[in-house]
Amino acid sequence: MVNATPSLATKIGKLELNYPTLMGSGCYGSGEEFAPFADLSKIGGVVLKSVTRLPRLGNSTPRLVHTPAGMLNAIGLQNPGIDWYLERELHKYANRPCKIVGSVAGFSVDDYADVCRRLAQRDEIEAIELNVSCPNVASEGETFGCYPDLTARVVEAARATTDKTLIVKLSPNVTDITAVARRAESCGADALAVINTVRGMAIDVDAWRPRLGNVTGGLSGPAIRPIAVLAVYEVAAAVKIPIVGQGGIETVTDALEFFLAGATAISIGTANFTDPRIPQRIVAELEQYLRVRGVGSLAEIVGRANMGISNAHQYEGDEG
Amino acid sequence: MVNATPSLATKIGKLELNYPTLMGSGCYGSGEEFAPFADLSKIGGVVLKSVTRLPRLGNSTPRLVHTPAGMLNAIGLQNPGIDWYLERELHKYANRPCKIVGSVAGFSVDDYADVCRRLAQRDEIEAIELNVSCPNVASEGETFGCYPDLTARVVEAARATTDKTLIVKLSPNVTDITAVARRAESCGADALAVINTVRGMAIDVDAWRPRLGNVTGGLSGPAIRPIAVLAVYEVAAAVKIPIVGQGGIETVTDALEFFLAGATAISIGTANFTDPRIPQRIVAELEQYLRVRGVGSLAEIVGRANMGISNAHQYEGDEG
Amino acid sequence: MALLDLHPRMHVATVLEHSEPANGTHVLSLDAPDLARATRAGQYVMVVPPSGEAAATALAIYDNSGNRASVLFFVTGKRTRELAAVEAGDSLALAGPLGNGFDLSRGARDVAIVAGGVGIASVWICARELLARGARVRLFYGARTAEMLVEAQRFADAGCELILTTDDGSCGERGFVTDALARASMPQEILACGPSPMLRRVGEIARERGVLAQLSLEETFGCGVGGCWGCVVPLVASSAQAPGFPPADAGGSDVVYARICKEGPVFWAHELRW
Amino acid sequence: MALLDLHPRMHVATVLEHSEPANGTHVLSLDAPDLARATRAGQYVMVVPPSGEAAATALAIYDNSGNRASVLFFVTGKRTRELAAVEAGDSLALAGPLGNGFDLSRGARDVAIVAGGVGIASVWICARELLARGARVRLFYGARTAEMLVEAQRFADAGCELILTTDDGSCGERGFVTDALARASMPQEILACGPSPMLRRVGEIARERGVLAQLSLEETFGCGVGGCWGCVVPLVASSAQAPGFPPADAGGSDVVYARICKEGPVFWAHELRW
Ligand SMILES: Cc1cc2nc3c(=O)[nH]c(=O)nc-3n(C[C@H](O)[C@H](O)[C@H](O)COP(=O)(O)OP(=O)(O)OC[C@H]3O[C@@H](n4cnc5c(N)ncnc54)[C@H](O)[C@@H]3O)c2cc1C
Ligand SMILES: Cc1cc2nc3c(=O)[nH]c(=O)nc-3n(C[C@H](O)[C@H](O)[C@H](O)COP(=O)(O)OP(=O)(O)OC[C@H]3O[C@@H](n4cnc5c(N)ncnc54)[C@H](O)[C@@H]3O)c2cc1C
Ligand SMILES: Cc1cc2nc3c(=O)[nH]c(=O)nc-3n(C[C@H](O)[C@H](O)[C@H](O)COP(=O)(O)O)c2cc1C
Ligand SMILES: Cc1cc2nc3c(=O)[nH]c(=O)nc-3n(C[C@H](O)[C@H](O)[C@H](O)COP(=O)(O)O)c2cc1C
Ligand code: FES
Ligand code: FES
C-alpha cells in the first residue's frame with residue numbers, strides 16, 4: 001500500500017484527467033507556448049484563453065502590474081472572435097498530450113450560448129468553461145458572475161447547447177459566492193471553477209495615475225490564496241458538483257489546501273510565470289505526499305478539512 | 001515654497017489630526033502598548049479595539065496565521081464589554097499625545113446605538129468608528145456591512161446618539177461597496193473607513209484541518225492593498241464625505257496610492273507588526289515627498305489619480 | 001537614529017557574531033548594551049525582518065552577558081531563513097526586552113529546568129542566575145537527535161546536572177524528556193520551555209507531585225507587544241496575570257484569555273486552563 | 001534533472017562569474033552551452049527567481065561567446081535585487097532563448113546602434129556580428145551619468161565608433177542620445193534598445209530620414225513566452241509579425257496588439273502604431 005503509486009486521476013463531469021492539474025485560462029496560451037519548457041503530458045489539461053463572439057483587440061497598456069505576492073492583469077479578453085478562432089486556430093490545438101478545455105466569455109446571454117454551441121461542436125474541445133466574470137456591457141461594468149440570476153440565465157442557455165462538460169467559473173467579487181454556486185448547479189453546471197481573479201488596482205505615485213491602462217484589474221497569485229481556499233471550502237459545502245480550485249497555487253502544500261478544502265482538481269495560472277516547471281513538480285510531490293501517508297488515491301483526501309464553519313467556534317466567533 | 005514644510009494636518013468630520021495616520025483598530029491596542037517603541041506624538045491617532053455591549057472572550061486559538069504578504073486573524077472581538085470598559089479602562093487612555101477614536105461592534109442595531117451613545121459621552125473619545133464588519137448572529141454569519149439596508153439602520157441609530165464624528169468602517173466582502181458607502185453617507189456618516197479585512201482561510205495540510213480556531217479569518221497586509229486601493233478609488237467617486245484608506249500600507253509609496261485614490265487620511269495596522277517605526281517613517285517621507293514636488297499640503301493630492309473607471313478603456317475594457 | 005532615542009525599547013544593534021552550533025540552528029550575538037542590561041530571565045525580543053517583508057519574529061533572549069544580547073533560533077520558515085542569512089557587521093532592528101520572564105523571587109534551592117528543542121534558548125539566563133545563588137539546577141533537555149541538543153555542554157560546564165533525552169536515542173535516554181522528569185526526584189520548583197505537548201505534560205507532573213511549575217508558552221504572534229490579542233491562552237481569571245475581565249456572575253467568566261506576549265510568556269502551570 | 005531533459009529551452013545553469021561594472025549594475029556569466037549556442041542577437045531569457053517568490057525576470061542575453069551566456073542588469077526592484085545577491089557557484093534556472101531578435105539578414109554595411117541605459121545589454125551580440133562581417137558600426141550610447149555608460153570601452157575595443165551622451169554631461173555630449181543620432185550622417189539601418197521615449201524618437205528620425213529601424217521594446221512581462229497577452233504593443237495588421245486577427249472589413253482591425261515577448265521584442269519602427 002505505502003509503496004503502490006497513488007492515483008492522481010480525477011474526473012470533472014465527463015472530463016477525465018490523468019492529473020488533477022489544469023492550466024488556468026489566459027495564463028498558458030494554448031499549451032503550445034509552454035511546450036518547450038514544460039512536459040504537457042504531465043499536466044491534466046489546458047484551459048484555453050477565453051474567446052468571445054466578436055473579435056476583441058483587448059485593453060490598452062500596461063496590462064500587467066506586479067503587486068505583493070501577486071499580479072494585477074487587465075488583458076481585456078484580446079481574441080480574434082469565434083469565427084476566426086474556429087477557422088484558423090483551433091485545429092492547431094488537436095493531438096495535444098493533455099486535455100483541452102475551451103473558455104467562453106460574453107456580453108449577453110446569447111453571446112455565451114452561441115459561442116458555447118459552436119465551440120462545443122469541435123472535437124479538439126473536450127469541455128467548456130464559462131467565464132462569467134467579464135463585464136456585462138448592458139449593465140455597465142457589472143459581471144454576470146456577480147449576480148445569481150444573470151449567472152443562471154447564462155448557464156441555462158449554454159447548457160442547452162451541448163452535452164460536453166460545462167464548468168462555470170465563479171467570481172470572488174460577491175457578497176455570497178455560495179448563492180451563485182447553487183444557482184449554477186441547479187441550472188445544469190457539471191462543475192465550478194473557484195475562483196477567478198479578485199478586482200484591484202495600483203497607482204503610479206510619480207505620474208499620479210492608475211498603473212493599468214484599464215485602470216482596474218484582476219488580482220492573482222499567492223496573495224489571493226486565502227480568499228480562494230475559503231471560497232472553495234464554502235462552495236464545497238453548498239454544492240455536490242466537483243470544484244476546480246484555483247488562486248495562488250505555487251507548491252504542493254498550496255495544492256493540498258485546495259483539495260482538503262473540497263476541490264476535485266486544481267488550476268495553476270500565475271505560478272507558471274514564476275517557473276514553468278511548477279505544475280510538474282506539484283504532481284510529483286502530490287504523489288509522494290499520498291504515498292508516504294499510505295493514501296491510495298487523491299479522491300480520498302478531497303474535502304477532508306471541511307468541518308463546517310461553526311463547529312470550530314468556541315464562542316460566537318467572527319473575524320474582528 | 002519648495003522649502004516650506006508642507007502641511008500634513010487633515011480633518012475627518014470634526015476630528016482634526018496633526019498627521020493623517022490613524023493606527024488600525026485591533027492592531028495597536030490603546031496606543032500605550034506601542035509607546036515604548038513608537039512616538040505617539042508623531043501619529044494622528046489610535047482607533048481603539050472594537051468594544052461590544054456584553055463581554056466577549058473571543059475565539060479559540062490559533063487566532064493568527066501568516067500568509068503570503070499578509071496575515072489572517074480571527075480574534076473574535078475579545079473585550080470586557082462596555083460597562084467594564086467605561087468603568088475600569090477608558091480613563092487610562094486620557095491625555096495621550098494623539099487623538100483617540102473609539103470603535104463599536106455589535107450584533108444588533110440596538111447594540112450599536114447603545115454602545116455608541118455611552119462611549120461618545122466620554123471625553124477621552126474624540127470620534128467613533130462603527131465596525132459593521134462582524135457577524136450578525138441573528139442572520140448566521142452575515143455581516144451588517146455586507147448589506148446596504150442593515151448598514152443604513154446601524155448608522156441611523158448610532159447617528160441619533162451623538163454629534164461626535166462617526167466613521168463607518170466598510171467591509172470589502174461585498175458585490176458593490178459603493179452601494180453600502182452611499183447608504184452610510186445618506187444616513188449621516190461623517191466619514192468612511194475603507195477597508196476592513198478580506199475573508200479568507202488557511203488549512204494545515206498535515207493535520208487536515210483549518211489553521212484558525214475560528215476556521216475563517218480576515219486577511220490583512222500588503223496582499224490586500226490592490227483590493228483596498230480600488231475600494232477607496234471607487235468609494236471616493238461615489239461619496240462626498242472623507243475616507244480613511246487602509247489595507248496593507250507599509251511604505252510612503254503605499255500611503256500615496258491611497259491619498260491619490262481619494263483618501264483624506266490613512267490607517268496603519270498590520271505594518272506595525274513588522275516594524276513599529278513605520279508610521280513615523282511614513283509621515284517623515286510624506287513630508288519629504290510633498291516638499292520636493294513643491295506641494296504645500298497633503299490635501300492638494302487627495303484623489304488626484306481619479307480618472308473614472310471608463311476613461312481609460314481603449315475598447316470595452318475588462319479584467320479577463 | 002533620532003527616532004530611537006525617544007524609544008528606550010526599540011534598538012538598532014550590530015551583529016557581532018553569527019555561529020551555527022548545529023545544522024539549521026543559529027546564534028546571533030548583538031551589540032546591545034541597553035537591551036542586555038534591561039533583560040530578565042525568560043524575556044524575549046521582536047526582531048524586525050531586514051527585508052521588511054514579513055512580520056517581526058519573536059525570539060527569546062538567550063544570553064545577556066557582557067553588554068551583548070544573543071538569540072538562538074531554528075530555521076523553520078521564511079523569517080528565520082532570512083535571519084539565518086544575516087552576517088556579522090549587519091545591523092538588526094529589534095524591540096525588547098518584552099514579556100514577563102520567570103519569577104525567581106522565591107529563592108528555591110533545588111530547581112528543575114525542562115527544555116524541549118529550541119526551548120533551550122529561553123532558560124540559559126535562568127540557569128546562570130540560579131547557579132549564581134548556589135541553587136541545585138537539573139536540566140532536563142530533550143531534542144530529536146544528539147546534534148539538536150545544542151549548547152548542552154555549556155549548561156554542564158556552568159554546573160547544571162544534565163538529564164538528556166533524544167527521540168532517536170542517539171544521545172541520553174530515548175524518549176520524551178517529560179518521562180525522565182517523571183522518574184526523577186522532585187525539585188522545589190520547575191521551569192519549562194518547549195513545545196505545547198511537553199509543557200502540558202510538565203504541568204500534569206507538577207500537579208500530581210505538588211510542585212510549582214512555570215511554563216514559557218509559544219503561539220503565533222502578531223504585534224508581540226500586547227496590542228492585537230492574537231497570542232492568547234486560557235487562564236483562570238483569579239490569576240494575578242489575568243487581564244481585566246468581568247467575573248462570571250457579572251456576565252463575564254472565570255477563565256479568560258491572557259496574552260502570551262504581554263501577560264506571559266511565562267505562566268504558572270496551575271493557573272492555565274488549556 | 002529528469003524534468004529538464006525533456007525541455008530543451010529550460011536550463012539550470014551554474015553562475016561562473018558575478019561582476020559589478022558599475023554601482024547597481026551587475027553581470028552574471030552562466031555555464032549554459034546549449035543556451036549560448038541557440039542564441040541569436042536580440043533574444044532574451046526569463047530568469048526564475050531563486051526564492052521562487054516573484055515572477056521570472058526578462059533579461060536580454062548580453063553575450064553568448066565561449067559556451068557561456070551572460071546577462072547584464074540594473075537593480076531596479078525586488079527581483080533584480082534578488083539576482084544581484086546571487087554568487088558564483090550558485091545555480092539559476094532560466095528559460096530561453098526567447099523572442100525574435102534583430103534581423104541582420106539584409107547585410108547592411110553601415111549600421112547605427114542606439115542604446116539607452118541598460119538597453120546596452122541587448123546590442124552587444126549585434127555589434128559583434130556586424131563587425132565580424134566587416135560592417136561599419138556606430139554606437140550611439142546614452143546614460144544618466146558617465147559611470148552608467150557601462151561596457152562602452154568593450155564596444156570601442158571591438159571596433160565600434162562611439163558617440164556617447166550623458167544627461168549630466170559627465171561624459172560625451174550632454175543631452176539625449178537621439179539628438180546625437182539626429183545630427184549624424186544616416187546609416188543604412190538603425191538598431192535600437194532603450195526606454196520607450198528614446199525608441200519613439202529613434203522611430204521618428206528613421207522615418208524622417210527614410211532609414212529602416214529595428215526597435216527592441218520593453219513592457220512588464222507575465223509569462224514571457226506568449227501565453228498571457230500581457231506584454232503587447234499596437235502593430236499594423238499587415239506586418240509579418242502581426243498575430244492572426246480578422247481585417248477591419250471583417251469586424252477586425254488594421255492595427256492589432258502584438259506580443260512583445262513572442263512576436264517581438266524587436267519590431268520594425270515603421271510597423272508600430274504606438
Ligand atoms: C515568546 C516566543 C519566543 C520564541 N523564542 C524562540 C527562540 O528563541 N528560538 C526560535 O527558534 N524560535 C522561537 N520562537 C518561535 C519563533 O518565533 C517561530 O518559530 C517563528 O514562527 C519562526 O518564524 P518562521 O517564519 O521562520 O517560521 P514560520 O513560517 O512562521 O512558521 C514556522 C513553520 O514551521 C513550523 N514550526 C514552527 N516551529 C517549529 C519548530 N520548532 N520545529 C519544526 N517546525 C516548526 C510551524 O508549524 C510553521 O509551519 C519563539 C516564539 C515565541 C512566541
Ligand atoms: C525583453 C526584455 C528584456 C529585458 N532585458 C533587460 C536587461 O537586459 N537588463 C535589465 O536590467 N533589465 C532588462 N529588462 C527589464 C527588466 O526585466 C525589468 O526592469 C524588471 O522589471 C526588473 O524587475 P524588478 O522586480 O527588479 O523591478 P520591478 O520592481 O519589476 O520594477 C522596476 C521598477 O523600477 C522602475 N524601473 C524599471 N526599469 C528601470 C530602469 N531601467 N531604471 C530605473 N527605474 C526602472 C519601474 O518603473 C518599476 O517601478 C528587460 C525587459 C524585457 C521585457
Ligand atoms: C494574465 C492573466 C490572464 C487571465 N485571463 C483569463 C481569461 O481570459 N479567462 C479566465 O477565465 N480567467 C483568466 N485569468 C484568471 C486565471 O485563469 C485564474 O483563474 C486566476 O489567475 C487565479 O489563479 P492563479 O492565481 O493561479 O493565477 C487570467 C489570469 C491572468 C493572470
Ligand atoms: C489582529 C487584527 C485585529 C483586528 N481587529 C479589528 C477590530 O477589532 N475592529 C476593526 O474594525 N478592525 C480590526 N482589524 C482590521 C484593521 O483595523 C484594518 O482595518 C485591517 O487590518 C487592514 O489594514 P492593515 O492591512 O494595515 O492591517 C484587525 C486587524 C488585525 C490584523
Ligand atoms: S501578539 Fe499581539 S497581543 Fe500578543
Ligand atoms: S508576457 Fe505573456 S504573452 Fe508576453
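Each chain gets a letter, A, B and so on, in the order the sequences are listed, and its residues count up from 1.
- Both the backbone and the side chain of A/I227 have a heavy atom closer than 4.5 Å to some heavy atom of chain B.
- Between the CH2 atom of A/W208 and the CZ atom of B/R293 there is a distance of 7.5 Å, given to the nearest 0.5 Å.
- Between B/T175 and A/Y147, some side-chain heavy-atom pair lies under the 4.5 Å cut-off.
- If you measure heavy-atom distances from A/A202 to chain B, the contacts under 4.5 Å come from both the backbone and the side chain.
- Neither the backbone nor the side chain of A/S50 comes within less than 4.5 Å of any heavy atom of chain B.
- Of the residues A/I203, A/I224, A/V65, A/L219, the one that meets the side-chain contact (heavy atoms from CB on, under 4.5 Å) test with B/P226 is A/L219.
- Checked against side chain to side chain contact (heavy atoms under 4.5 Å, CB included), A/A271 has the following partners two or more places apart in sequence or in another chain: A/E250, A/I268, A/I278.
- With a threshold of 4.5 angstrom between heavy atoms, A/Y289 approaches chain B through side-chain atoms but not through N, CA, C or O.
- Proximity to chain B (any heavy atom under 4.5 Å) is restricted, for A/V198, to the side chain, taken from C-beta onward.
- Heavy-atom pairs under 4.5 Å with chain A were tallied for B/L72, B/V174, B/D204; the largest tally goes to B/V174.
- A salt bridge links B/R199 to A/E234: one of the charged nitrogens lies within less than 4.0 Å of a carboxylate oxygen.
- Contacts of A/L256 with chain B are made by both backbone and side-chain atoms, with heavy-atom separations under 4.5 Å.
- Between A/V215 and B/Y233, some side-chain heavy-atom pair lies under the 4.5 Å cut-off.
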